[in-house]
Structure formats: C-alpha cells, structure tokens
2 protein chains.
Amino acid sequence: MVRRPTVTSVQIAREAGVAQSTVSRVLNGGSVAPETRRRVLDVVAKYDFQPSQAARNLVGARSGLIGVVIRDLTNPFYPVLVKAVERVLHERGLRLSLVTDVMSDEEGLALLRREGVDGVVFTSAIEQEPLAHRMLGHGIPMVLCHRTLRDFPADQVEADNTTAGELAAAHLLDLGHRRIAMVRGLAGSSTAQQRALAFRRKVAATEGATLTEADGAYDYATAYEAVRALLASAEPPTALFCHNDVMAYAALNAAAAAGVAVPAELSVVGCDDVPLSAWERIDLTTVRQPLERIARVGVELLLDRLESPDLPHRHEVLPVELVLRSTTAPPA
Amino acid sequence: MVRRPTVTSVQIAREAGVAQSTVSRVLNGGSVAPETRRRVLDVVAKYDFQPSQAARNLVGARSGLIGVVIRDLTNPFYPVLVKAVERVLHERGLRLSLVTDVMSDEEGLALLRREGVDGVVFTSAIEQEPLAHRMLGHGIPMVLCHRTLRDFPADQVEADNTTAGELAAAHLLDLGHRRIAMVRGLAGSSTAQQRALAFRRKVAATEGATLTEADGAYDYATAYEAVRALLASAEPPTALFCHNDVMAYAALNAAAAAGVAVPAELSVVGCDDVPLSAWERIDLTTVRQPLERIARVGVELLLDRLESPDLPHRHEVLPVELVLRSTTAPPA
DNA sequence: CTGAAAGCGCTTACAG
DNA sequence: CTGAAAGCGCTTACAG
C-alpha cells in the first residue's frame, strides 16, 4: 500500500509564507502576530489541516492517550463506565486506548507501552494478579477505578462496597428473610471481597439466619448455573444477594426457568444499578453505584497525578444507595 | 510532566553490539544471521523492549490503526459489534480507534485523520449526512458495515434487511394480526428504510390489514414514548414490529407499564437478536442478524482493500432468520 | 548479512 | 514576534 499524500505543516508554512515553526506556534498557542496568525489559519482552514499525532507524540512530552483497561465489554456495566470515562477524557482533549479481554494481559501491557499512553485507568484489578503491578513497574501513572487493591501505591476510587453489602443484608433481613444466599463476584476483586465480608457479617449477627454462598464470577452464565443449583437444593434460599446486576439478571432468569416466582418465593437484590435494572420487565432492587462519578473522579485523580507526580496517593470512596424496586418482598 | 525514560532501539543496539537498523530488522523480520538475531533478542527480552508506535507510524506506510465509528456504546447492540470487530482486528495485529457519540462527527473525523488510521469501519451511516462522504474525500479507505448507503463508492456489508421486514410481517400476519404497528429506526438509516419498506409491502398486500407507524429513532426512550402513545390510542394495535431489539424492550416495558399483557393482548417482534433477547424475563421473538459475521466480513473487506486499492467494490448481504420466542401469539 | 544515513512531521529551545 | 536547526525513535533504501 502506498501512503496516501497528506498535507503537512511544511506545506502550510510555505503557502502562508512563514516558517514551519510558526505554523506550530499558531496551532499550539505560542506568541504570534495577529496578522501572521490569520494568514496561517486561513491556509490551515483551506486544507483542513490536521497535524500528525504520530509526529507530535514522538517529540512531545505527552501522547494525549489514556489507556482504559476493562474486561468484557458486553457486560452492560462496562459500556456505561467506558462512556463516562470517554466523555471526561474528551472534555480534556484526551483520547482513550481500550484494552479488553479480547487480548491477554501481556498483550495489553505491551500495547499500552508501545502506544506511549500518558496514564492508565485500570478498572478490573484483581488481587494476586501482576498486571497492575507490572504497569506501575514500567512507570506508567495509573488510577485504580472501581476495583481497588490493598496497599497499592496508586490513586484509587471505588464505591463504598462495605455499605453496599450491609444495605443489601439489612434490607433482606428486615423483610424477614433467614434462609439467604449470596452469589459472589470474581474472586480476588475488591468489590466482591468487600461486599461479601459486609454481607456475611450482617447475616451472621442475626439470630437464626443462615447464609449459603456460590461463586458467580460476575458472569451471567456462571451465575445462572449457580442459582439454578441453589434453587434445586433441598432447602432453597428465600432471598439472594448478587454481587452485580448482571448476575441478578441471571438469577431472575434462572428463577423464571425453574418456575420460582419473584419476589413471592424468592427475593433478589443486585448491585450496580445499570439502566437495564429500571426496566419494568426487570425492575430489580439493587444497590446503586455512582458510576458516572466513579469514572469522573478516576480520570481526575489520574490527570492530577500527571500534573503533580509527587502528590500523596488519594483513595476516594463514593457513597452508594439502596434502590427499592419489585424483586424483593417478605418471605412467603 | 517529564517524559519518563524509555528504552529505545538505539540502546538495544548498543548493548547487543549491532547497528540500530539491525535491531529494526530483527523485530520486523528482515534477514539477520541467527547468532546476531539471538544476541539482539536477548537484549530485547532483558528490557522487555517495546518499539515506539509513534515513531513507527511516522516513518512506516501504515499505522496499524483502524477507526471504528459507532454511536451510542450503551445501546447493547454496539458492544457486541465492537467486540467482534476488535477480535478480528486483534487477530490481524491491528488496533482499534473508537469514535462514538461522545464527540461530534466533525471531531471524530479530525481525530481519525490526525491519528492516521489506515481505514475505517463505519457502522452508523446515515443518508443525507456528510461524514462518510467526507472521509472518503480525504482518501481514507472505508467499509460500510451494518448500515449502508445507496450508490456509495465503498465496500459494504449488511444483513438482509428486506427479508427481515418480510419475516416479521409474515409472522404477525400468519398469526392472524390485522391491526399492526411499526416502530421505525433512525430516519435515513438503510436498516430502517429497508425493514420498513419490506414490512409495509407485506402488510399492504394483506386484505384488511392496517399499519400504523411511529418513529423510534433506534432509541429506548423515544420508542418507549411512541409505544405508550400507540397503546393509549382509540384502536391500539394488537401487534408491533420494532426495528431493533432495544426498541422492542422499550415496547415490552411500556406495555407492562400500561398493563397490556404480552403476548395475550400485544405481540412484539424485534430485530437484532442481541444476547439479552434470549433471557427468560425478555424472551423476545426477533429477527436475528448475524452480528459476528457482519463484523468479520466488514473487517475483511476493509483489509482486502488496503492490500488491493483497485479491487471493484463489493457489497455483501448476509442472511437473517426469525427466532420464535414468547412475545408473539395470535390476537385475542 | 550488516551498517551508515536519510527522513517521516512535528515541538522546542535558541538566536535574532 | 519569527526563523533556522536539532532531535524525537523508528523504517527503509543504499552500500559494502
């Protein structure tokens, strides 16, 4: 393939009768005489000139690229998060470089390094998993956004997952449920750990309440199977806390498949409150995470750090709230 | 911010005792003596060297970047499409540069030009809208993927939307419905136009059948309101064809809100068949588009064109199928 | 097979 | 305010 011809700043300079460096100054806001600036901008407009990002990155201190590490884009949680991150980045004139589960951690890291990202918004950290540590080792500024890591030397933002677990437990216990189950999120994720811990503690403190747990890995299919098994057991639970909304949908669907009425025979509480959950056909009682704010604060922490690398690390915890809808009720 | 120090090919060369161009040859598969190659690769491995993509882009004929233009990432249709596109690109060693509705068309085009994308997968073409034409005008190779444009000089792939409209109409008519409504997709989109035309034709050919139309713009909220209005009319339809699944979900939810039983009082057919539609709580009868194949064929058409710019334009139409689930039944 | 050199298109000191 | 020049880190002919 032949490189298609592109207008460069040299050609703009020639046509405007100035030095190439003057074109650069006009575009980057250096001091230029008004008349000169006008002449240059006229030629820029004439060709709709767009300076090469590759050349800029090569010479400049920043690439304007921010890596965003997620996992499965088809989990409805992530598009909401990515969109919010993208919006904030775009407001600041930054671009997003997406790393998903289409590639391995190894490949993702290599890509972000080759692309020279200025920083990374890491949303899917897992304890005992080296990717986040390796990134930091390569000197890439990073914010842990949504999922966090204990004692990790970086800025972090997350929802108050402890309160999330407590709110879910308190709600189900207050309704009178005692045979309770929990479908956990991905092992090693801070969100699952914190929600599980808080939920367990609250249930354990209640006379006569029993808790069964299953691993749902934040995955629809895994959770569906886990709930199917729970409902088929000798003493099925009357209430279920799922660590995210997607697993709660799986629970609702598995219950429907098993002929178990929600909420009459089974109460279900999720966690996230993605838009789907408000649909009449779903109408899920869930703990709302402030997703937009998590994204915005995450990006802002990262940008602050790019400005001031020596700032002490910050760790923001954002409030959650229980959203009551129609998937919970007192036990039969 | 200070540029953080990065290992370059010059340093690799020095440490391996070879010329910098030899390092480049090792990495890009030029002819190098096995012993030399080994020495270089040892040093590359020692530092986990990643060559700068910016420098590569600046000098090379290709950037390895493919623009992917979508609109709303939170419409569950797009994550599926983007993921499929990303997977194919990754198999070919290419990266994706995402343009969404977070930015204007103007900004998106400027970005793709600055980034020097090798080509663009355009998924959201609209008739009477200049973005696709302007891209082509800038000499950017392009494939119209999913939505197409009449007489547009580029490769195109789409589902057989005419058959989609016919299948939906035939199904509802066969069930005995005569008071039928259609919620149209975005005006100017080929998908909405083709589906509408075929559906109308089929209904018009049926004695006694009437068709009411509403604009849903492929948007949940718009469709919800449209269906609410339809159901509140003096002679509400007994069957509904929505031009995509998201609008069908809106219809199901609006029906639930209005106390209209589906399918007893209202049959609903969608179009897409995204994973959600198979959920027990939704269980939507819909026309399946081969999304993965649309994405794969789209990327392949584009890559073929990058290899051979003078190939005649191809236009692929992929088959659809009706997926019967529980949102349709004979009228009461 | 290997090295020296040119050059991709910019930004950024440095002079004037 | 403006221009000439260096240089970012690579790939790609071109010699040898």
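Side chains included, hydrogens not; waters and symmetry mates left out as well; all remaining heavy atoms used. Order of the sequence lines fixes the chain letters, A, B, ..., with proteins taken first and strands second; residue numbering starts at 1 for each chain.
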Exercise for the section: Kindly say if A/Thr22 contacts the phosphate of D/dG3, meaning a side-chain N or O under 4.0 Å from OP1 or OP2. Expected result: yes

Exercise for the section: Round to a whole Å and report the spacing from CG of A/Leu58 to C1' of D/dA6. Expected result: 13 Å

Practice task
Could you list all the salt bridge (charged side-chain N to carboxylate O under 4.0 Å, His left out) pairs where at least one residue sits in residues 135-159 of chain B, not counting sequence neighbours?
Solution key: B/Asp155-B/Arg305

Handout entry: Salt-bridge criterion met for A/Arg71 and A/Asp105 (N-O under 4.0 Å)
Key = yes

Handout entry: Among D/dC1, C/dC8, C/dT2, the nucleotide that comes nearest once only the side chain of B/Ser31 is considered
Key = C/dT2

Practice task
Rounded to the nearest angstrom, tell me the gap between atom CD in A/Gln53 and atom C1' in C/dG9.
Solution key: 12 Å

Practice task
State the pairing partner of C/dA4; accept Watson-Crick or G-U wobble contacts with both distances under 3.5 Å, and report none otherwise.
Solution key: none

Practice task
Measure the distance from CZ on B/Arg39 to P on C/dC1 and round it to the nearest whole Å.
Solution key: 15 Å

Problem - Salt-bridge criterion met for B/Asp42 and B/Lys46 (N-O under 4.0 Å) - result: no

Exercise for the section: May I ask you to decide whether A/Glu35 forms a salt bridge with A/Arg38, counting only side-chain N to carboxylate O separations under 4.0 Å? Expected result: yes

Problem - Phosphate OP1/OP2 of D/dT2 contacted by A/Thr36 side-chain N/O (<4.0 Å) - result: yes

Handout entry: Side-chain ion pair, B/Arg95 and A/Glu107, N-O less than 4.0 Å
Key = no

Practice task
Answer yes or no: is there a side-chain heavy-atom contact under 4.5 Å between A/Leu303 and A/Glu300?
Solution key: no

Problem - Base-contact (B) and sugar-phosphate-only (S) positions in nucleotides 10-16 of chain D, heavy-atom cut-off under 4.0 Å, - elsewhere - result: BBBB---

